[in-house]
Amino acid sequence: MPTYKAPVEDVQFLLNDVFHMERYGNMPGFSDASPDVVAAILEEAAKFSEEVLAPLNRVGDIEGCKRNADGSVTTPKGFKEAYRQLVEGGWVGISVPTEFGGQGLPATMTMIVNEFLISSNMAFAMYPGLTQGAIAALLHHATPEQKKTYLPKMTTGAWTGTMNLTEPHCGTDLGLLRSKAVPQADGSYKITGTKIFISSGEHDLAENVIHLVLARIEGAPEGVKGISLFIVPKFFPNADGSVGARNGVMCGSIEHKMGIHGNSTCVMNFDGATGWLMGEANKGLNAMFTMMNEARLAVGMQGLAQSEVAYQNAAIYARERLQGRSISGVKAPDKPADPIIVHPDIRRLLLSIRSFNEAARALVLWTALKGDVQHRSEDQKARQAAEDHMGLMTPVIKGVLTDTGFSNTVLAQQVFGGHGYIGEHGMEQFVRDARIAMIYEGANGIQALDLVGRKLGRDGGRAITAFFKEVSDYVKEHSSDETMKPYVAPLGEALAQLQQATMWFMQNAMKKPDNAGAGSNDYMHLFGLVALAYMWAQMAKAAQDKLKNGANGSTERMKAKLVTGRFFMERVLPETAAHLKRIQTGADTLMELAAEAF
Ligand SMILES: Cc1cc2nc3c(=O)[nH]c(=O)nc-3n(C[C@H](O)[C@H](O)[C@H](O)COP(=O)(O)OP(=O)(O)OC[C@H]3O[C@@H](n4cnc5c(N)ncnc54)[C@H](O)[C@@H]3O)c2cc1C
């Protein structure tokens, strides 16, 4: 049975020593997030994840969700009780404004807590996760009346949320969407259509499910310009906050799938269901993007979270499993064999994962703090810069963290040899669960295209220019510091390669768009590596400063940080050269074969 320990100390190092959370103290919610409050939240979230959710992870995988004859869905044993505890703990709404019953804390805190929840039980964490995404969309686009009706209930978790985009013939290309909305005399709409793959679409955890549904109002234009967003509750809300009659939306079936068995993936049939427009007619995709962007970051977090829990278990196993002798001489003469942690190749596997996890966590927290600046700062310039950062980093976090997160679960499984392939140790579940994160919320190929095709050129390249300047200034500032050279010298080289790749697109992708499509995946990963290396440089600096100042009991952890960071710079970052080379070969060979030749 796998174990999980929430990385509380690592999070505190990032918040206090790397990103200096106290600097954000003048923004709403941050003054309430004093170090003591943060420590208490982390401790409680860790306890809930480790003690309540982690033990249910395997149960959820084996049992899965079941659809009953009446269309209701039963979640695995123990999920209901755990969900009750989640609601009691107030975990869904920690960052929701207080006027809607939340705690108003920084959204960064929600991100941190979500890592713990997802590592311990990804399938379970999706129920509150989707609710948080729906809350974000409501906060930005709903009418005051709609907010009053839905937000307080969703903030506590009494009601959950879903996002309904996908239809059988319409996945990535939402312009093909057919679900229909017919206006009614009372201002509501009758929604008809079939949605597939709807996560948490139906379940027994909460008393109501609030579906956010994309549909086309009768007579609306074809394509993405004719799509609107609707609120469709499973049960109609009464004025007193209780639930009333059942609406015309039912779960037709649930999917049998590779992983996340504890989350219900539903076919949802809307049969003249009553819905209410949210935001402007025909601008539904814009409104849904608020939820999608939120969800993309959360899905990126799923990649990191699965990589983290897989790493932890692989590290424990590598210290215990005895096989072979160290090639540099026996290390455990009292034992029949050395533990496999002595073998360089096992260390390569472990450090590859760990050096990614620690930097990825930093990248997510850095971006989450920018998200708070975007929504909470009074400084217009800072808000704009933060918005630019979010736009640029969202596809990188979604794409890179889930691609690498998945491959890391495979590396961790490798540490177990055959014992990683069988069910007993839980490693194969991490692999299966992590796989979906590369696919949903816009498959990773689409994230890469979003980065190259939309985000690079947006506002005359303002976001990417700001990122280049920030990293390049950092490299210059620390390049004469001998202790920082192992970090900033490779970072500088990798940044130059990223700049070359960006320039190559500017010169070669306009006249031949396939060049952009052919290099986009490499570019996204090249970008991700540079961003992660930038995180490592900052973490190395903070660790060195901490060691100089006595490190307060964290000396060994800080020393390990510096080694892990060096590993990243020496052995992971050089992949940037291969990415650049592939980008520069362009699309010719890739596009040469006729479709029939495949
Ligand atoms: C377990 C699970 C849960 C899900 N949860 C939800 C949910 O809650 N709500 C919801 O609405 N949907 C959900 N989805 C749907 C998911 O978001 C889609 O599967 C995903 O967006 C891809 O759509 P598709 O499967 O139709 O693939 P397609 O769109 O058919 O894409 C197939 C492949 O082609 C590539 N591709 C497509 N178009 C292009 C292009 N223009 N350029 C380059 N490459 C392209 C894609 O990257 C992909 O690799 C879920 C799916 C699963 C499996």
Side-chain angles (χ1 to χ4, degrees), residues 60-61 64-65 73 122-123 125-134 137 160-179 193-203 209-215 223-224 227 229-230 232 249 251 253-268 270 284-285 287-289 291-296 298-299 302 395 398-399 402-403 406 432-454 513-521 523-524 587 590-591 595 598:
D61 186 52
C65 294
V73 169
M122 174 163 156
M126 287 173 70
Y127 296 100
L130 278 147
T131 307
Q132 286 165 343
T160 61
T162 69
M163 59 195 295
N164 287 250
L165 290 76
T166 308
E167 298 177 7
H169 55 281
C170 153
T172 303
D173 188 353
L174 290 169
L176 301 173
L177 193 134
R178 284 190 204 138
S179 289
T194 301
K195 297 285 179 180
I196 61 166
F197 300 165
I198 303 309
S199 299
S200 318
E202 174 68 41
H203 56 80
V209 182
I210 310 306
H211 302 288
L212 298 191
V213 185
L214 287 182
V224 288
I227 299 174
L229 181 58
F230 298 89
V232 184
V249 48
C251 166
S253 62
I254 55 177
E255 304 295 346
H256 299 280
K257 55 193 192 288
M258 179 176 173
I260 51 166
H261 295 155
N263 191 266
S264 53
T265 307
C266 303
V267 171
M268 298 303 301
F270 294 83
L285 213 49
M288 192 52 125
F289 254 107
M291 180 160 185
M292 279 153 73
N293 280 330
E294 186 103 349
R296 282 175 179 181
V299 171
Q302 291 181 333
K398 163 38 169 107
T402 60
D403 274 358
F406 170 73
R432 287 186 287 103
D433 285 358
R435 182 66 180 88
I436 185 58
M438 299 160 72
I439 298 172
Y440 56 22
E441 259 337 298
N444 284 356
I446 302 305
Q447 302 301 326
L449 285 176
D450 178 42
L451 177 65
V452 170
R454 291 179 59 233
D514 275 344
N515 278 332
S520 55
N521 178 60
Y523 186 85
M524 179 177 76
L590 206 60
M591 301 309 287
F598 278 85

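All ligand and atom numbering here is 1-based and tracks the order in the structure.
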Nearest protein heavy-atom contact for [atom]: which residue, which atom, what distance?
atom                    : answer
atom 10 (C) of ligand 1 : T166 OG1, 3.3 Å
atom 40 (C) of ligand 1 : I446 CD1, 3.9 Å
atom 9 (N) of ligand 1  : M163 O, 2.8 Å
atom 24 (P) of ligand 1 : G171 CA, 3.9 Å
atom 16 (C) of ligand 1 : Y440 CB, 3.8 Å
atom 20 (C) of ligand 1 : I439 O, 3.9 Å

Pairs of nitrogen or oxygen atoms closer than 3.5 Å, one from [X] and one from ligand 1: do any exist?
X    : answer
N164 : no
G445 : no
T172 : yes
L165 : yes

Please answer whether the main-chain N or O of [Y] pairs with a side-chain N or O of [X] as donor and acceptor at a distance below 3.5 Å.
X    : Y    : answer
N444 : G399 : yes
K195 : C266 : no
S264 : H203 : no
T131 : G161 : yes
Q447 : E441 : yes
Q302 : T402 : no

Take atom CE of M591 as the centre, draw a 6.0 Å sphere, and report whether it contains more than 12 heavy atoms from other residues, nucleotides or ligands. no
Is [atom] less than 4.0 angstrom from at least one protein heavy atom?
atom                    : result
atom 37 (C) of ligand 1 : yes
atom 30 (O) of ligand 1 : no
atom 42 (N) of ligand 1 : yes
atom 33 (C) of ligand 1 : no
atom 14 (N) of ligand 1 : yes

Report, in ascending order of atom number, the atoms of ligand 1 lying under 4.0 Å from any heavy atom of [X].
X    : answer
L449 : 42 (N), 43 (C)
F197 : 3 (C), 4 (C), 5 (N), 6 (C), 7 (C), 8 (O), 9 (N), 12 (N), 13 (C), 14 (N), 15 (C), 19 (O), 50 (C), 51 (C)
I436 : 1 (C), 2 (C), 52 (C), 53 (C)

Rounded to the nearest 0.5 Å, what separates atom CD1 in I439 from atom CD1 in I446? 12.5 Å
What is the distance from atom CG of L165 to atom CG of L214, rounded to the nearest 0.5 Å? 4.5 Å
The ring pair (Phe, Tyr, Trp, His ring centres under 6.0 Å) partners of F406 (sequence neighbours excluded) come to none
Under-4.0 Å heavy-atom contact with ligand 1, by part of T162 that carries it: neither
Counting heavy atoms only, which part of E441 comes closer than 4.0 Å to ligand 1: side chain, backbone, both or neither? backbone
Can you tell whether the side chains of D450 and K398 come within less than 4.0 Å, N to carboxylate O? no
Counterpart residues, side chain to side chain donor-acceptor pair (under 3.5 Å), relative to S179 (two or more places apart): E167
Among G259, S199, S264, whose heavy atom sits nearest atom 3 (C) of ligand 1? S199
Please work out which of G133, G442, A443 has its closest non-hydrogen atom nearest to atom 46 (C) of ligand 1. A443
Work out which heavy atom in N263 is nearest to a heavy atom in K257; give both atom names and the distance. O-NZ, 2.7 Å
